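The structure appears below as structure tokens.
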Amino acid sequence: MATLSAIAFRRQAKGSMLEIASVAISREAGVVPDTRGKPGRRQVTLLSLQSWQDACAELGTDLPWTVRRANLLIDGLRFTAADVGRVLRIGDVELQILLETDPCPRMDAQHDGLTNALTPHWRGGVCCRVLRDGTVRTGDAAVFKD
């Protein structure tokens, strides 16, 4: 079963990612108090732990997952184009996957070659919109609603 492995947010654009054990997620604000949480296609970002590990292995390094700047780290799922439109339930929260999180050149500022390492196989994660508010905690199950 897939689980929520970690949670992070940033208080300001380009600010440091801060890890926490639980967080409220809402349709109005996304991950509270993340700076990017307003309604839209990139309200909450998810990263697959296994895909992150693949990218790090390709680079021959072990980087903290927060370098990717995603909100939620999911252990046990790999995201693909087939997941677009699907709803993932984590704790009380329901998130609809809308699109791939394209790795930006900012990733290379974090580590040389990271943009290219995140590009194949949706390794950069997915962007979601919040369908149901609630609280998530590390260790919560992450289950598709199908």
Side-chain angles (χ1 to χ4, degrees), residues 1-56 59 61-111 114-115 117-146:
M1 173 185 358
T3 59
L4 177 58
S5 182
I7 303 165
F9 70 97
R10 64 193 148 269
R11 292 190 193 279
Q12 61 190 17
K14 299 181 184 176
S16 298
M17 296 299 290
L18 306 170
E19 288 192 70
I20 51 178
S22 68
V23 74
I25 297 178
S26 75
R27 287 170 286 191
E28 293 77 30
V31 174
V32 180
D34 193 87
T35 189
R36 292 194 69 152
K38 54 190 164 283
R41 296 169 53 90
R42 294 180 50 105
Q43 199 170 23
V44 177
T45 52
L46 310 180
L47 179 66
S48 158
L49 173 60
Q50 288 69 33
S51 294
W52 178 249
Q53 291 170 334
D54 291 346
C56 288
L59 295 170
T61 190
D62 185 22
L63 299 169
W65 78 279
T66 52
V67 167
R68 180 61 186 106
R69 307 185 62 71
N71 296 124
L72 306 178
L73 182 66
I74 307 296
D75 185 1
L77 286 179
R78 289 180 186 270
F79 301 107
T80 70
D83 294 322
V84 171
R86 295 179 80 188
V87 176
L88 187 66
R89 178 178 288 160
I90 305 170
D92 300 328
V93 173
E94 290 184 359
L95 304 171
Q96 183 178 32
I97 296 173
L98 297 179
L99 59 124
E100 178 180 11
T101 308
D102 292 323
C104 66
R106 183 168 166 79
M107 292 298 99
D108 283 337
Q110 303 278 46
H111 187 83
L114 185 55
T115 301
L118 289 171
T119 299
H121 312 294
W122 289 53
R123 286 181 185 167
V126 294
C127 299
C128 303
R129 128 176 100 196
V130 179
L131 298 181
R132 182 191 296 169
D133 300 354
T135 299
V136 298
R137 294 167 186 78
T138 55
D140 281 350
V143 180
F144 281 112
K145 249 186 94 170
D146 304 326

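Just so we're clear, the structure is a prediction, and the values are computed from it rather than from any experiment.
Within the 4.5 Å cutoff, the side chain of R86 has no heavy atoms near those of the K145 side chain. L95 is listed as a side-chain neighbour of L72, based on a closest heavy-atom distance under 4.5 Å. Residues T45 and L47 fail the side-chain proximity criterion, which asks for heavy atoms closer than 4.5 Å. Proximity of Q50 to D75: side-chain heavy atoms (C-beta onward) are separated by under 4.5 Å at one or more points. The shortest distance between side-chain heavy atoms of I74 and L4 falls below 4.5 Å. Between D34 and N71, some side-chain heavy-atom pair lies under the 4.5 Å cut-off.
Panel note: side chain R10, backbone R69; a donor-acceptor pair is recorded below 3.5 Å. Remark: side-chain polar atoms of T115 are paired, donor with acceptor, to backbone N or O of C104 under 3.5 angstrom. Checking side-chain atoms of D133 against main-chain N and O of R27 turns up a donor-acceptor pair under 3.5 Å. Checking side-chain atoms of T61 against main-chain N and O of L63 turns up no donor-acceptor pair under 3.5 Å. Judged by distance alone, the side chain of Q43 and the main-chain N or O of V130 form a donor-acceptor pair under 3.5 Å.
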### Pair L77-D83, side-chain contact (heavy atoms from CB on, under 4.5 Å): steps then yes or no
CA-CA 11 Å; L77 286 179; D83 294 322; over 6 Å; no
If you apply the rule side-chain contact (heavy atoms from CB on, under 4.5 Å), what do you find for L118 with W52, and how did you get there? CA-CA 8 Å; L118 289 171; W52 178 249; 3.9 Å; yes
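Under the 3.5 Å distance criterion, with hydrogens and angles disregarded, a donor-acceptor pair is assigned to the side chains of Q96 and R129.
Residue R106 qualifies as enclosed at atom CZ: its count of foreign heavy atoms under 6.0 Å is above 12.
Atom CD1 of residue I20 and atom CD1 of residue I7 lie 5.5 Å apart, to the nearest 0.5 angstrom.
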